[in-house]
Amino acid sequence: MENFVQQAIDDDLKNGKYTTGIHTRFPPEPNGYLHIGHAKSICLNFGLAEFNNGLCNLRFDDTNPTKEDVEYVDSIQEDIHWLGFDWEDRKFYASDYFEKLYNYAVELIKKNLAYVDDLSAEEIRRTRGTLTEGGKESPFRNRSIEENLNLFAKMKAGEFSDGEKVLRAKIDMSSPNMNMRDPVIYRIAHANHHRTGDQWCIYPMYDFAHPLSDAIEGITHSVCTLEFEDHRPFYDWLLESLDFDEKTRPRQIEFARLDLTNTVTSKRKLLQLVKEGHVRGWDDPRMSTLSGLRRRGFTPAAIKKFCNEIGVAKANSLVDISMLEHCVREDLNETADRVMAVLNPLKVILTNVDEDEYLIAENHPHHGGNRYIPFGREIFIERDDFMEDAPKKFFRLKPGGEVRLKYAYIIKCNEVIKDAEGNVIELRCTIDPTSKSGGETANRKIKGTIHWVEAKSAIKAEVRLYDYLLKTDENGNLPEDFISAINPNSLIVIKNALIEPSVKFAAPSTRYQFLRLGYFVVDYDTTFENLVFNRIVGLKDTWSKVKNA
RNA sequence: AGGGGCAUCGCCAAGUUGGUAAGGCACCAGACUCUGAAUCUGGCAUGCGUUGGUUCGAGUCCAGCUGCCCCUGCCA
């Protein structure tokens with residue numbers, strides 16, 4: 001853990017602050033699904049706690065009942081646990097503190113630092129001033145403390161309708177910082193809250209609830225994104241005004257949110273993709289939601305590694321998606337068993353093979369473990385692995401040429417069979433019986449090795465090939481209307497892929513490397529009759545560069 | 001422009017008393033290879049937005065420019 005937030009913590013510790021330990025929190029609003037950007041925050045907050053031998057709370061920021069829903073609190077918890085973080089018994093809700101928060105507001109009124117304002121939303125907006133000019137004080141700003149106390153109690157009691165009154169902090173209408181121009185801290189909303197039901201009809205604003213929730217929980221470092229930088233003066237003002245000790249009260253630190261090429265990381269845009277049907281749902285494997293990445297086959301380790309690699313800083317940045325892909329490959333290369341599958345089959349008859357046999361194949365190049373795979377007269381190879389008029393650099397199968405069948409024999413292509421339209425439909429080859437893998441005479445060097453599958457035993461599977469949902473320009477930027485950047489080929493479904501039989505009973509979420517093709521995961525849609533795989537990410541492919549050069 | 005931030009290789013990102021530009025991704029070259037994967041080796045900023053200044057010496061200090069992001073919800 002080496003970033004500017006940790007440095008700030010080190011400084012605080014050195015200066016004798018927070019002697020009882022470091023305490024952070026991850027504070028999602030339950031109004032949407034978590035995405036890769038949240039993963040950065042989760043890794044940061046839980047990581048900081050872990051690194052400093054401290055604690056990290058989960059706290060739902062549920063102060064706006066009109067936008068929040070329980071559906072989301074469940075998915076959020078599932079996602080955080082999936083990533084491998086645990087808040088133990090420290091799951092809180094801002095709504096747990098509604099009573100305390102109310103009392104703090106009363107205290108503020110008593111200190112003459114808050115007042116009930118009768119101005120309408122429209123009037124408040126008009127009198128707030130502009131970026132370059134200060135605002136005007138409300139005519140209700142100087143009500144007596146008693147009157148404010150009385151009015152606020154009535155607000156709580158439900159004597160007013162929505163929008164009729166608000167409670168505002170009394171700070172400075174001429175401040176160059178908009179957030180200090182008597183910000184609203186309580187509003188009236190006769191709305192049913194997912195946890196407190198109809199108990200309240202006034203709800204605290206984020207700016208009021210957040211610092212106090214942090215303070216109540218004993219948070220030491222309240223880490224949030226850059227756009228809250230302007231709110232920090234209010235954060236400090238509130239806690240100062242309410243006499244929280246500077247040595248122990250929480251400190252807000254802001255970092256730059258994650259932006260990734262070829263995707264969107266905004267709840268609004270993600271929601272739009274789902275609502276308009278551009279994807280199958282929140283967990284569509286093309287989505288940057290954690291549930292989408294999970295279904296796609298990404299591992300928690302890969303995502304954590306990614307969050308670690310990109311660092312934490314204050315500069316707005318746009319991370320290239322290749323960084324994420326590198327992290328999954330790195331993890332899966334170590335952990336995924338190898339298996340052979342042919343996505344686009346081309347039949348090959350081995351004319352000098354009469355007997356079926358079993359061959360030994362490694363499950364992983366350096367983790368040991370073997371399995372038997374069937375071999376026989378009729379096999380399938382990848383259509384891309386054969387070329388009639390092959391360029392010199394093509395070291396796969398071509399007429400008259402030789403290639404090694406992985407774990408089997410070297411074969412020679414003797415005959416190319418075509419249909420009436422001239423399409424290649426079958427190859428006739430012969431094996432070199434002395435070249436059997438593992439045998440004493442198998443060492444003849446052959447440049448190419450290809451994967452294959454035996455015809456009778458191969459199982460049919462559906463394979464979903466995913467590409468970027470969005471096409472960004474050469475700088476990684478999306479157009480204003482990001483919907484227009486949707487990649488029409490972001491999903492290609494292959495219905496008749498052929499896979500070696502060892503994979504037959506693989507359970508959903510089992511990951512494999514399909515030799516020479518990429519990493520794949522068994523999708524939740526899988527049934528006994530229909531095996532479904534998602535491509536997580538392809539292998540690095542130098543040949544495609546050569547070919548397209 | 002009133003305020004708050006940020007500017008180091010194509011992309012992230014170290015650099016904290018000024019001492020002569022880490023690392024990762026991507027890319028290129030080569031070695032190795034029964035995955036054109038993995039692995040290994042080498043290459044990749046005389047330069048730190050810009051212009052001046054201070055200094056023996058500046059990415060680091062000072063001044064002035066420029067560019068980008070955020071802020072006028074009873075959202076978070």
Side-chain angles (χ1 to χ4, degrees), chain A residues 2-4 7 11 27-29 31 61 63-64 66-68 117 119-121 124-126 128-135 162-163 165-168 175-181 183-189 203 205-207 209-210 224-233 254 256 261 267 308-327 329-330 333-334 338 340 362 365-366 393-396 404-408 410 435 437-438 442-443 445-451 474-476 513-518 538-547:
Chain A
E2 182 195 298
N3 57 54
F4 80 97
Q7 287 172 12
D11 287 345
E29 182 188 14
N31 70 340
D61 228 327
T63 56
N64 186 353
T66 63
K67 293 195 173 171
E68 295 145 9
D117 197 345
L119 255 31
S120 67
I124 287 178
R125 189 182 319 128
R126 256 198 347 257
R128 185 156 24 226
T130 67
L131 293 178
T132 52
E133 298 159 42
D162 291 3
K165 287 182 169 35
V166 290
L167 184 70
R168 291 230 254 169
S175 171
N177 183 344
M178 289 284 180
N179 299 297
M180 298 299 268
R181 318 236 263 232
V184 172
I185 55 179
Y186 261 93
R187 78 285 218 181
I188 300 171
Y203 293 94
M205 300 289 288
Y206 166 88
D207 277 331
H210 206 86
C224 63
T225 43
L226 250 31
E227 67 270 27
F228 291 103
E229 227 157 2
D230 289 342
H231 298 237
R232 191 179 348 122
E254 313 84 11
T261 62
K267 285 182 189 172
N308 229 42
E309 302 263 280
I310 57 174
V312 180
K314 294 196 70 160
N316 291 112
S317 60
L318 178 60
V319 178
D320 198 300
I321 192 89
S322 67
M323 192 86 95
L324 217 207
E325 294 172 347
H326 162 259
C327 292
R329 289 196 188 101
E330 187 174 82
N333 179 45
E334 278 306 303
R338 272 83 223 233
M340 291 202 282
E362 298 177 313
H366 47 269
K393 292 266 195 164
F394 184 83
F395 26 92
R396 302 180 189 180
R404 162 139 240 140
L405 293 180
K406 179 79 174 173
Y407 300 127
I410 291 172
S435 66
S437 293
N443 296 324
K445 293 293 177 204
I446 266 307
K447 186 63 180 167
T449 298
I450 63 174
H451 57 94
E474 46 300 339
N475 295 316
Q513 181 194 108
F514 287 178
L515 227 58
R516 304 207 305 133
L517 295 175
L539 255 27
K540 294 232 288 184
D541 185 3
T542 327
W543 165 242
S544 71
K545 286 173 195 161
V546 175
K547 186 175 59 180

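Order of the sequence lines fixes the chain letters, A, B, ..., with proteins taken first and strands second; residue numbering starts at 1 for each chain. The shown structure was predicted, so the numbers you read here are calculated from the model rather than taken from an experiment.
For A:Leu131, the side-chain contact (heavy atoms from CB on, under 4.5 Å) partners are A:Met178, not counting sequence neighbours. For the ring-ring contact (aromatic ring centres under 6.0 Å, His included) test, residues two or more places apart in sequence or in another chain that qualify with A:Phe394 are A:Trp543. A search for salt bridge (Lys or Arg N to Asp or Glu O under 4.0 Å) contacts involving A:Arg187 returns nothing, not counting sequence neighbours. With sequence neighbours excluded, no residue forms a side-chain hydrogen bond (donor to acceptor under 3.5 Å, both in side chains) with A:Arg329. Residues satisfying the side-chain hydrogen bond (donor to acceptor under 3.5 Å, both in side chains) criterion with A:His231, sequence neighbours excluded, are A:Asp207. Residues meeting the side-chain contact (heavy atoms from CB on, under 4.5 Å) test with A:Asn308, sequence neighbours left out: none. For the side-chain contact (heavy atoms from CB on, under 4.5 Å) test, residues two or more places apart in sequence or in another chain that qualify with A:Thr66 are A:Asn64, A:Ala191. With sequence neighbours left out, the side-chain hydrogen bond (donor to acceptor under 3.5 Å, both in side chains) criterion links A:Arg125 to A:Glu122.
Going from the C1' atom of B:G59 to that of B:C48 covers 5 Å, rounded to whole Å. Only the P atoms considered, B:U20 is 15 Å distant from B:G57, to the nearest whole Å. When the P atom is used for both B:A58 and B:G24, the distance is 29 Å, rounded to whole Å. Taking atom P in both B:C28 and B:G15, the straight-line distance is 31 Å, to the nearest Å. Separation of the P atoms belonging to B:G49 and B:G67 is 16 Å when rounded to the nearest angstrom. Going from the P atom of B:A1 to that of B:G5 covers 15 Å, rounded to whole Å. With P as the reference atom, B:C62 and B:U55 are 16 Å apart, rounded to whole Å. Between B:U50 and B:U35, the two P atoms lie 48 Å apart (nearest whole Å).
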Scoring nucleotides 30-38 of chain B by protein non-hydrogen atoms under 4.0 Å (B base, S sugar-phosphate only, - none) yields ---BBBBSS
Contact string for nucleotides 9-15 of chain B, one letter per nucleotide 5' to 3', B = base within protein heavy-atom range under 4.0 Å, S = sugar-phosphate only, - = neither, reads --SSSSS
Distances under 3.5 Å between protein N/O atoms and the N/O atoms of nucleotides 70-72 of chain B, please, pair by pair.
from  : atom 1 : to       : atom 2 : distance (Å)
B:U72 : O2'    : A:Arg128 : NE     : 3.2

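Taking atom CG of residue A:Asn31 and atom C1' of nucleotide B:G73, one finds them 14 Å apart after rounding to whole Å. With rounding to whole Å, A:Asp162 atom CG is found 11 Å from B:C75 atom P. To the nearest angstrom, C1' of B:G23 lies 14 Å from CD of A:Glu330.
Phosphate proximity of B:C27 to A:Lys545: present, with a side-chain N or O under 4.0 Å from OP1 or OP2.
Using a 4.0 Å heavy-atom criterion, one finds that A:Val166 contacts the bases of the nucleic acid, with or without backbone contacts as well. Note on A:Leu167: nothing from the nucleic acid sits closer than 4.0 angstrom, heavy atoms only. Within the 4.0 angstrom heavy-atom criterion, base atoms lie near A:Ser120.
A distance-only check finds no donor-acceptor pair linking the side chain of A:Ser175 to the backbone of A:Arg181 [under 3.5 Å]. Between the side chain of A:Thr63 and the main chain of A:Met205, no donor-acceptor pair closer than 3.5 Å is present. A:Thr449 places no side-chain N or O within donor-acceptor distance of the main-chain N or O of A:Arg404, the cut-off being under 3.5 Å.
Base-pair partner of B:C27: B:G43 (Watson-Crick or G-U wobble, both distances under 3.5 Å). Pairing for B:G18 is absent, judged as Watson-Crick or G-U wobble with the two contacts each under 3.5 Å. Here B:C9 sits opposite no nucleotide as a Watson-Crick or G-U wobble pair (both hydrogen-bonding atom distances under 3.5 Å). In this structure, B:G2 forms a base pair with B:C71, meeting either the Watson-Crick or the G-U wobble geometry with both donor-acceptor distances under 3.5 Å.
Under the salt bridge (Lys or Arg N to Asp or Glu O under 4.0 Å) criterion, the residue pairs touching residues 308-317 of chain A are A:Glu229-A:Lys314, A:Glu254-A:Lys314, A:Lys305-A:Glu309, with sequence neighbours excluded.
Base orientation for B:G73: syn, the chi torsion being within 90° of 0.
Between A:Tyr407 and A:Ser437, the closest heavy-atom pair is C-OG, 3.1 Å.
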